[in-house]
Amino acid sequence: MPAATPAATGNFLWSLVEGDLVSGKHKSPVTRFPPEPNGYLHIGHAKAIYINFGIAQDFKGRCHLRFDDTNPVKEEQEFIDSIQRDVRWLGFDWGTHLYYASDYFEKLYGWAEHLISNGHAYIDDQTAEEISANRGTLTAPGKESPFRSRSVDENLDLFRRMRKGEFPNGTCVLRARIDMASGNINLRDPVLYRILHAHHPRTGDAWCIYPNYDFAHGQSDSIEHVTHSLCSLEFEDHKPLYNWLLDHLPVPSRPEQTEFARLNITYTILSKRHLTQFVRDKHVRGWDDPRMPTLAGLRRRGVPAPALIDFIKRAGVARANSVVDIAMFDACVREYLNKAASRYMGVLKPLKVVIENYPEVQSEELDAVNNPEDPSAGSRKVPFGRELYIEQDDFMENPPKKFFRLSPGTEVRLRYAYFITCREAVKNAAGEVVELRCTYDPATKGGNAPDGRKVKATMHWVSAAHAVNAEVRIYNPLFTRPDPGADGDPVQDLNPASLELVEAKLEPALATANVGETLQFERLGYFCRDADPGLVFNRTVGLRDTYAKTQ
RNA sequence: UGGGGGAUCGUCUAACGGUAGGACCGCGGACUCUGACUCCGCUAGUCUAGGUUCGAAUCCUAGUCCCCCAGCCA
């Protein structure tokens, strides 16, 4: 009996593991996260990571990080490195349990000979096209290979010569001898080994034959004594083969595969093939482009790992295919950041304001609260002067009924500063408002009127003389529709306005912001300093804006 | 009339024969030196048709719709 099992989380995988512990089937769970190092991890992987590492954590077991590196033509060291970085960033730790399927190549090779020796596998000389043609269709059975009944000795000899490198790519393959008429196509004599004269990131040129997924995965699980092999739904049809191999090999343990639905999100593509394409064809600026759903991209955008995990939890784990609204993700990010992020003021679309009754040469420093949600965050000084910038959207010459902000003759509060009243809007030749002439009430210093009068709006601002310039990158959804690719190629659904660059004016404290720390620009959203040279901020997510919605 | 899965508010998800609940979205309202946050309220669901049962989202039968599989990818 396990000492203590955590409260049920309400999803079937946790219940499954808990049940196996309670029944005594296992003493503690062993799971694994098994990415192929052929790309960067994305938010879909975060779900698999959360499930596998989360179960290990909650039930006091362990989770292995295992690279499923059985296809050298697609895999690179860069991806091996980035995957480890990203899993750590999410807050998980595999301890000493870092493994590679390639660690088991010798063992797997031996098991392949074992299968051959028992008549359960054979070398097929058919071409890839012939194998495909003879596999049959979804409704028609396949045809047995003419090489299917070779002798054990001949098969063994051929397999050893495959390993020695006597044959070029594609000459022949090792196949399991199962059932060419099976309704499950994975059981129609699946290919187990293929010839690949390719350099492997870890084993180099030691091998020229490589096991495929099916021949590597279950056995690797068994070698590592994995108890629960949790994978996504599309592997469901592989389970009979997974079990067949465990049945026919002298494996050290008996792992059990269970499948869950992978994560889908509106306005998002989570197919490695397409993500690779976006990077390769420069539709984005790299794997860590903040518009990408990669963990590297989300991190660079300023999304905190705990918010990401929270989202994964809220989206839930089930066996039904679903598409989660990206709004739920945004909500998780905002909820976390509202508590955690320090507040600053920055103006994205500056409109000059001159306080006519404020002395030309004067300036002063005003106290501003760093985080109203967190008193321990303290306060800072913000410089104020005669010339300021406010947001263009905060002024309207002819305001509609519910517009609370600045317009000719109205009074508003500049946050932490003074009440100001707009006296005049100065226009250029084109008739555009380029400057506001205002007056301030010195008695309202700090933001409150001694006479108790109220204003309907409080606006952010920066002092023109003290402002620092910054490039702010505003990210919009990468796609124009919630189901990109539904009509074919997702490239045609790419949002041409997914990146907006603005030259912003920021309060001076922001000049020394830390790269990677997400901050709030009051009334605008959350922003994170980029590592690019100069002062560059990425918008993580905007604040909710119920006023904009009424427009 | 190949095999394997799945259907619960608009979207995710809970319920394990006993009051269909939560979150997100949306819509109201209160509060507010962020039109943010917070708080309160509202809207809204068991794929269909039968059956078993005192009682069905849950069990049975028959349908319907959706997803996955025909790589020497994973």
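All values below were derived from every heavy atom in this structure, side-chain atoms included, with hydrogens, water molecules and symmetry-related copies excluded. Quick caveat: nothing in here was measured; it's all calculated off a predicted structure. So you know, we letter chains A, B, ... as the sequences are listed, proteins then strands, and number each from 1.
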Exercise for review: Could you tell me whether A:Val369 contacts a base, only the sugar-phosphate backbone, or nothing, with contacts defined as non-hydrogen atoms closer than 4.0 Å?
Suggested key: nothing
Exercise for review: Check every strand shown and say whether A:Glu335 touches a base, only sugar-phosphate, or nothing at a heavy-atom separation below 4.0 Å.
Suggested key: nothing
OP1 or OP2 of [N] under 4.0 Å from side-chain N/O of [X]:
X	N	result
A:Arg544	B:C37	yes
A:Arg319	B:G6	yes
A:Ser322	B:U11	no
A:Arg523	B:G35	yes

**Study point:** Base B:U13 to side chain A:Arg314, donor-acceptor N/O within 3.5 Å cut-off
**Key:** no
Check your understanding: Could one point to a donor on the side chain of A:Glu373 or the base of B:U38 with an acceptor on the other under 3.5 Å away?
Key -> no
Revision key, fill the gap. Dot-bracket assigned to RNA chain B with the 3.5 Å Watson-Crick/G-U criterion, [ ] for crossing and | for other-strand pairs, is .((((((..((((....[..)))).(((((.......)))))....(((((..]....))))))))))).....
Exercise for review: Compute the ring centroids of A:Phe235 and A:Tyr242, then answer whether they are less than 6.0 Å apart.
Suggested key: no
Review point. Can the ring centres of A:Trp111 and A:Tyr193 be said to be less than 6.0 Å apart?
Key: no
Exercise for review: Identify the residue among A:Tyr344, A:Phe537, A:Trp461 that makes a ring-ring contact (aromatic ring centres under 6.0 Å, His included) with A:Phe521.
Suggested key: A:Phe537
Parallel, tilted or perpendicular: which fits the ring planes of [X] and [Y], with parallel below 30° and perpendicular above 60°?
X	Y	answer
A:His120	A:Trp244	perpendicular
A:Phe329	A:Phe311	perpendicular
A:Phe105	A:Trp207	perpendicular

Practice item. Would you mind building the protein contact string for nucleotides 66-74 of chain B? One character per nucleotide, 5' to 3', B for base within reach (heavy atoms under 4.0 Å), S for sugar-phosphate only, - for untouched. Key: -SBBBSBSB
Check your understanding: Tell me, for nucleotides 39-48 of chain B in 5' to 3' order, what letter each nucleotide earns: B for a base near a protein heavy atom under 4.0 Å, S for only sugar-phosphate near one, - for neither?
Key -> ----------
Revision key, fill the gap. Per the glycosidic torsion and the 90° limit around 0, nucleotide B:G71 is syn
Check your understanding: Are A:Arg32 and A:His217 linked by a side-chain donor-acceptor pair shorter than 3.5 Å?
Key -> yes
Review point. Salt bridge check: are A:Glu236 and A:Arg319 linked by an N-O gap of less than 4.0 Å?
Key: yes
Point to revise | Heavy-atom pair of closest approach, residues A:Lys339 and A:Asn371 | key: O-ND2, 3.2 Å
